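These notes are about the structure you will find just below.
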Amino acid sequence: MKNLIVYYSFTKNNEKIAEYFRNQLSCHIAKIETVRKRSGLSILFDLMFNRKPAVKAIPFYLWNYEHVIFIAPIWAGKIAMPLKTFLLNEKANIKKYSFVTVCGGGNASQKAKVEKQLIELTGKVPEKVVELWVSNLLPIQKQGTVKSVTGYRIQPADFAQFDQQIQEILEDNELVEK
Ligand SMILES: Cc1cc2nc3c(=O)[nH]c(=O)nc-3n(C[C@H](O)[C@H](O)[C@H](O)COP(=O)(O)O)c2cc1C
């Protein structure tokens, strides 16, 4: 089997993009669920105390897939903690992987830091890292405001804005196919 999508999403932006990729690639998809439900407060504590919230097992074995596409938000410059836990648990079972995030955006140096974190967590260099910036979907006067960015819920019509970056991952899929 070729691709597997594994995602975490708190307010469903990353869930929507994960489902979009699943439809494009016709592949298996799994949602990471935390053992204890996250709230805004528990996320804050996760960040403050660098906690690793326990996550449930998914019904797929990663080693059976040539390429896993991980999808999750960025929180305070880092990969959302539930995916972090998952990557630490599963790193030995990952062959090739890419990472996609629907994040607030606006910080050009974030992507390199996220890539570094991925390598630290998995011990492997990702095939692709793609950031889809919510701030690019907002009118210019709202792009810098945290409330507007974190409060935005992406719509199917927004996917066209991200088309070029989405294609990067879909093209990579062709590489895996060869
Ligand atoms: C506590 C918190 C911290 C965040 N920090 C960042 C950040 O450092 N960089 C960024 O690009 N986006 C940041 N965001 C924005 C989220 O990544 C963005 O809202 C994302 O689309 C949420 O994904 P979800 O709907 O799948 O949960 C943050 C959001 C929250 C709630």
Side-chain angles (χ1 to χ4, degrees), residues 4-25 27-56 58 68-87 97-121 126 128-166 168-169:
L4 171 68
I5 294 169
V6 177
Y7 74 93
Y8 174 77
S9 184
F10 183 62
T11 53
K12 298 211 184 310
N13 283 346
N14 284 277
E15 180 164 85
K16 286 177 197 149
I17 213 80
E19 284 168 356
Y20 183 77
F21 274 111
R22 190 265 312 269
N23 293 340
Q24 296 293 314
L25 295 169
C27 64
H28 289 150
I29 186 167
K31 178 179 185 165
I32 297 171
E33 291 184 86
T34 48
V35 172
R36 289 188 175 184
K37 202 168 156 26
R38 296 290 95 187
S39 64
L41 194 63
S42 59
I43 288 172
L44 189 67
F45 286 148
D46 290 347
L47 289 168
M48 281 170 63
F49 302 111
N50 198 19
R51 296 195 305 204
K52 287 183 297 215
V55 297
K56 297 180 188 171
I58 61 164
V68 184
I69 303 172
F70 295 106
I71 303 181
I74 301 297
W75 290 335
K78 300 261 171 73
I79 294 159
M81 303 298 198
L83 177 60
K84 178 180 166 179
T85 310
F86 186 86
L87 291 174
Y97 74 100
S98 293
F99 175 70
V100 178
T101 179
V102 179
C103 63
N107 177 349
S109 63
Q110 180 170 271
K111 186 175 164 181
K113 288 181 192 150
V114 167
E115 180 160 354
K116 187 167 173 266
Q117 194 195 1
L118 286 166
I119 295 168
E120 281 166 10
L121 292 172
K128 297 268 165 142
V129 175
V130 172
E131 283 191 340
L132 306 174
W133 287 7
V134 165
S135 59
N136 285 347
L137 303 170
L138 299 174
I140 199 132
Q141 65 274 20
K142 289 194 169 176
Q143 287 182 1
T145 65
V146 174
K147 200 173 165 200
S148 303
V149 172
T150 56
Y152 190 79
R153 302 291 169 260
I154 60 166
Q155 307 297 321
D158 295 330
F159 296 162
Q161 279 281 107
F162 296 140
D163 189 54
Q164 203 180 341
Q165 291 151 292
I166 287 173
E168 271 191 56
I169 294 286

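Every number for a ligand or one of its atoms is a count from 1 in the order of the listing. Since we're looking at a predicted model, the values are computed, not measured. What you see below is based on every heavy atom in this structure, not just the backbone, and it leaves out hydrogens, waters and symmetry mates.
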Contact residues of ligand 1 with a heavy-atom cut-off of under 4.0 Å?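 Answer by chain and number: S9, F10, T11, K12, N13, N14, P73, I74, W75, A76, G77, V102, C103, G104, G105, Q110, T150.
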
Should K111 and E115 count as an ion pair when the cut-off is N to O under 4.0 Å?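 Answer for the salt bridge query: no.
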
Please report the shortest heavy-atom distance between K56 and T34, naming the atom on each side.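 Smallest interatomic distance, heavy atoms only, reads CE-O, 3.8 Å.
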
Mind listing the closest non-hydrogen atom pair of A72 and A80 along with its distance?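 Distance-wise, the nearest heavy atoms are CB-CB, 4.5 Å.
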
Do K128 and F99 make a side-chain contact, defined as non-hydrogen atoms from C-beta onward lying under 4.5 Å apart?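 Not in contact.
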
Is the distance between the ring centroids of F159 and Y20 under 6.0 Å?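 They qualify: ring centres under 6.0 Å apart.
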
Could you walk me through whether N50 and K84 pass side-chain hydrogen bond (donor to acceptor under 3.5 Å, both in side chains), step by step? CA-CA 11 Å; N50 198 19; K84 178 180 166 179; 3.0 Å; yes

